[in-house]
Amino acid sequence: MGPAGRRAVRAVHDGGNLRRVRAADPRRLLGWSTVSQVGFLLLPVAVAGRAPLAEPSLLIYLAGYAVSNLAAFAVIAAVPDRTDLAGYRGLGTSRPWLAGALLVALLSLVGTPPTAVFLGKLTTFTAAWDGGLAWLVIVAAVNTVASLFYFLRWLAPTFTRAARAGDMAEGHVDRRDLRGSRPWAERTAVLAAAGVLLLGVGAGSLPILVAVP
């Protein structure tokens, strides 16, 4: 990948993060997150043939991102009446398992240990660094830190006690969640979140990594 391609990788990173600043719809937030994640996926592509970890890191990142995104979108599907970030207020008390799955999914998308995307980012950063793209790794790392802010806008209300009129007390189901409740989506979210952690902890011993010198 030449200079133009590397500039494109940086543009994808920056563009996706800038558009997440004002996103209030969780689906839109995840959509722009996908744009930014493409930039991370392009890092090993940029050094393919120059870094032995390039291809394994790409596969690990794809797997980690897929299962993390599945968990996040399953949470959205499980509570269809919560249509903006502020609407998730109190989810941690009314649906703790669902809130826990969301926490795992978003922390994974940021790239915090011991989640799947953390391992993906660690290996892609290593591959890009070994391939001579240290400056691009720094750009990606800055964007990773910035992404934490955007997802905290979702997590903060989730784990804040609901105090608005009509909300239910702790230990009860929020009335918004009774309308159009989708148990299959909640089960999917919890199982996918468990997969995020299992992949993050166990992928380090995969043959595709062990075989890399």
Quiz item: Considering residues at least two apart in sequence or located in another chain, which fulfil the salt bridge (charged side-chain N to carboxylate O under 4.0 Å, His left out) criterion with Arg187?
Solution: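 Arg187 satisfies salt bridge (charged side-chain N to carboxylate O under 4.0 Å, His left out) with no residue once adjacent residues are dropped.
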
Quick check: is [Y] connected to [X] through a chain of hydrophobic side chains (ILVMFWY, heavy atoms under 4.5 Å apart)?
X	Y	answer
Leu62	Val45	yes
Leu43	Val139	yes
Ile60	Leu70	no
Val190	Leu91	no

Practice problem: Just say parallel, tilted or perpendicular for the rings of Trp154 and Tyr88, cut-offs at 30° and 60°. | Solution: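 Rings of Trp154 and Tyr88: perpendicular, over 60°.
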
Can you tell if the side chain of [X] reaches within under 4.5 Å of the side chain of [Y], non-hydrogen atoms only?
X	Y	value
Leu133	Trp135	yes
Leu119	Leu199	no
Phe73	Ile76	yes

Could you state the interatomic distance from [atom1] ([X]) to [atom2] ([Y]), rounded to the nearest 0.5 Å?
X	Y	atom1	atom2	result
Ile138	Trp129	CD1	CH2	5.5 Å
Thr144	Phe118	OG1	CZ	11.0 Å
Gln37	Leu42	CD	CG	11.5 Å
Thr34	Asn69	OG1	CG	5.0 Å

Quiz item: Can you list the steps and then say if Leu58 with Thr124 is a side-chain contact (heavy atoms from CB on, under 4.5 Å)?
Solution: CA-CA 7 Å; Leu58 179 60; Thr124 55; 5.9 Å; no

Practice problem: With Lys121 as the cation and Phe40 as the aromatic partner, state whether NZ or CZ is under 6.0 Å from the six-membered ring centre and within 45° of the axis. | Solution: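 Cation-pi check for Lys121 and Phe40: passes.
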
Exercise. Would you please test Thr93 and Phe159 for side-chain contact (heavy atoms from CB on, under 4.5 Å) and show each step?
Key: CA-CA 7 Å; Thr93 54; Phe159 291 97; over 6 Å; no

Self-check item: Fellow cluster residues of Leu191, listed by chain then number, with links counted only when side-chain atoms sit under 4.5 Å apart
Solution: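 When side chains under 4.5 Å apart are linked, Leu191 ends up in no cluster with other residues.
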
Extract all donor-acceptor atom pairs below 3.5 Å that involve side chains of residues 96-114 and protein atoms in other chains or at least two apart in sequence.
unit_1 : atom_1 : unit_2 : atom_2 : d
Ser108 : OG     : Ser68  : OG     : 2.7
Ser108 : OG     : Val117 : N      : 3.3
Thr112 : OG1    : Leu107 : O      : 2.9

Quiz prompt | Intermediate values then yes/no, side-chain contact (heavy atoms from CB on, under 4.5 Å), Arg50 and Val47 | solution = CA-CA 5 Å; Arg50 289 187 286 155; Val47 295; 3.9 Å; yes

Exercise. Report the C-alpha separation of Tyr150 and Ser33 in whole Å, then their side-chain angles, then the decisive distance to 0.1 Å, and conclude whether the side chain to side chain donor-acceptor pair (under 3.5 Å) test is met.
Key: CA-CA 9 Å; Tyr150 309 125; Ser33 172; over 6 Å; no

Quiz item: Do the side chain of Arg89 and the main chain of Thr158 share a donor and acceptor less than 3.5 angstrom apart?
Solution: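 Flag not set: sc Arg89 to bb Thr158 has no pair under 3.5 Å.
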
Quiz item: Is a donor on one side and an acceptor on the other found under 3.5 Å between the side chain of Arg82 and the backbone of Ala78?
Solution: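 Judged by distance alone, no pair lies under 3.5 Å.
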
